[in-house]
Amino acid sequence: MTDTVANTTEYMEFLLMGYPDEHVLQTLCATVFFLIYLGALVGNFLIITITTIDQHLQSPMYFFLKNLSLIDICYISVTVPKSIMNSVTNTHSISFLGCVLQVFCVIFLAGTEFALLLVMSYDRYAAICFPLHYEAIMNKDACVQMVAAAWFSGCIYGSVHAIGTFSVHFCGSNVVYQFFCDIPSLLRLACFGDQILEYVFIITSCCFAFACFILMVILYVHIFSIILRIPSIKGRFKIFSTCIPHLTVVTLFLSSGFVAYLGSTAKSSSSLNLFMSMFYSLLHPSLNPVIYSFRNSDVKVALHNIFVQKMTTRL
């Protein structure tokens with residue numbers, strides 16, 4: 001026990017070794033990370049801007065979309081800037097406190113996004129299944145309360161996992177084979193038997209997340225049953241098209257989480273491990289604004305109006 005405590009006090013920092021060893025590949029990865037990060041910031045800030053200033057985009061769906069974009073900006077900003085800075089300065093270290101904050105923020109934001117996607121499913125359910133009562137069901141106070149509940153649940157989720165992860169004693173190396181601090185990589189550094197508490201939290205969280213997923217499926221079963229009753233094929237497609245962006249984002253988010261657990265089996269730095277990490281940490285924050293922009297005519301019109309107005313002002 002004394003040795004374990006001693007090892008714990010020696011962990012003042014961790015070494016993030018997620019990048020390839022070759023300097024050229026490190027530079028290439030950092031460049032790709034920077035371009036994706038820049039694209040994610042621009043895309044999500046545009047969504048936030050147009051859903052704030054455009055009077056035609058003030059419905060509950062766009063209020064939720066604004067929060068989704070804010071989550072994605074925060075999510076990608078927690079890990080990517082630090083990894084790019086480490087590559088540029090040729091350092092790999094992150095402080096113990098910095099690692100704790102990364103774990104908390106990543107899980108907090110991922111949990112909030114999942115809860116918000118569930119809320120957005122309910123919004124589509126209310127809009128399609130109860131169109132006459134939609135404004136009463138999804139009133140301003142209800143929307144604010146649901147978004148607040150999503151952020152609060154994500155905060156609880158992140159706190160629980162951060163406490164569970166860093167309640168362990170770390171033994172041996174402090175090298176994390178990842179470009180940011182994630183739970184699977186950190187648990188591999190824990191002393192044997194110390195991971196039980198966090199594994200309990202993970203299993204409990206997975207059960208709760210699965211229950212939320214089943215609820216989401218039930219909502220969409222009701223939605224599809226209503227859509228199939230519409231006699232016009234054009235009418236069916238028009239209603240279904242309002243669900244396509246959300247379904248795409250949900251699929252992307254859940255597949256990213258699945259890839260995250262597949263990637264957790266890798267025990268050393270590799271190109272495959274880096275690719276899988278990029279998939280679940282970079283892909284959905286950068287693609288979400290693209291999905292909602294290309295599949296939503298109102299968003300495209302709002303973007304067009306903004307750029308036309310700017311060009312007219314300059315002229």
Side-chain angles (χ1 to χ4, degrees), residues 35-81 105-106 108-128 131 134-155 158 241-250 252-253 282-315:
L35 293 176
I36 294 176
Y37 179 62
L38 186 62
L41 289 184
V42 171
N44 284 292
F45 271 124
L46 274 176
I47 293 292
I48 292 174
T49 301
I50 63 175
T51 53
T52 300
I53 66 176
D54 195 296
Q55 295 302 314
H56 298 93
L57 302 180
Q58 301 303 314
S59 65
M61 181 178 71
Y62 296 110
F63 174 65
F64 298 140
L65 179 57
K66 184 192 304 184
N67 278 271
L68 183 65
S69 293
L70 177 60
I71 292 170
D72 287 337
I73 289 173
C74 297
Y75 183 84
I76 200 170
S77 297
V78 169
T79 58
V80 175
C105 290
V106 167
F108 160 46
L109 294 166
T112 303
E113 180 158 346
F114 184 69
L116 186 60
L117 290 175
L118 178 60
V119 169
M120 295 173 79
S121 299
Y122 181 72
D123 173 70
R124 292 297 84 209
Y125 167 75
I128 295 172
Y134 176 71
E135 290 187 4
I137 296 172
M138 302 300 294
N139 59 74
K140 185 176 180 180
D141 290 340
C143 291
V144 171
Q145 289 172 6
M146 285 187 280
V147 168
W151 283 94
F152 179 74
S153 62
C155 184
S241 63
T242 64
C243 302
I244 291 177
H246 179 257
L247 285 172
T248 306
V249 169
V250 169
L252 185 62
F253 180 78
L282 300 178
L283 197 61
H284 68 86
S286 56
L287 288 185
N288 284 355
V290 177
I291 293 169
Y292 275 100
S293 297
F294 279 96
R295 295 299 310 180
N296 191 301
S297 58
D298 292 335
V299 173
K300 286 190 285 187
V301 169
L303 285 171
H304 178 265
N305 291 339
I306 289 177
F307 286 115
V308 169
Q309 187 177 9
K310 284 187 176 181
M311 292 297 294
T312 304
T313 303
R314 289 181 180 180
L315 294 176

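Just so we're clear, the structure is a prediction, and the values are computed from it rather than from any experiment.
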Under the rule for side-chain contact (heavy atoms from CB on, under 4.5 Å), what residues qualify as partners of Ile137, not counting sequence neighbours?
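In terms of side-chain contact (heavy atoms from CB on, under 4.5 Å), with neighbours along the sequence ignored, Ile137 is linked to Tyr122, Ala126, Phe130, His133.
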Gap between atom [atom2] of [Y] and atom [atom1] of [X] - 0.5 Å precision:
X	Y	atom1	atom2	result
Ser286	Leu252	OG	CG	8.0 Å
Arg124	Ile244	CZ	CD1	12.0 Å
Leu46	Thr51	CG	OG1	10.0 Å
Thr112	Leu116	OG1	CG	8.5 Å

Enumerate donor-acceptor pairs with a distance under 3.5 Å from any side-chain N or O in residues 69-80 to protein atoms, sequence neighbours excluded.
residue, atom, partner, partner atom, Å
Ser69, OG, Asn44, OD1, 3.4
Ser69, OG, Leu65, O, 3.3
Asp72, OD2, Asn288, ND2, 2.8
Tyr75, OH, Tyr280, O, 3.3
Ser77, OG, Tyr37, OH, 3.0
Ser77, OG, Ile73, O, 2.7

Where do [X] and [Y] come nearest, in terms of heavy atoms and distance?
X	Y	value
Tyr292	Met120	OH-CE, 3.2 Å
Pro60	Cys143	CB-SG, 3.5 Å
Ile47	Pro289	CG1-CB, 3.7 Å

What pairs of residues pass the side-chain hydrogen bond (donor to acceptor under 3.5 Å, both in side chains) test when at least one of them lies in residues 134-154, not counting sequence neighbours?
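Sorted result for residues 134-154: Asn67-Trp151, Asp123-Tyr134.
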Can you find a heavy atom in the side chain of Tyr62 that is under 4.5 Å from one in the side chain of Ile50?
no
Heavy-atom side-chain contact between Met138 and Phe64 under 4.5 Å
yes
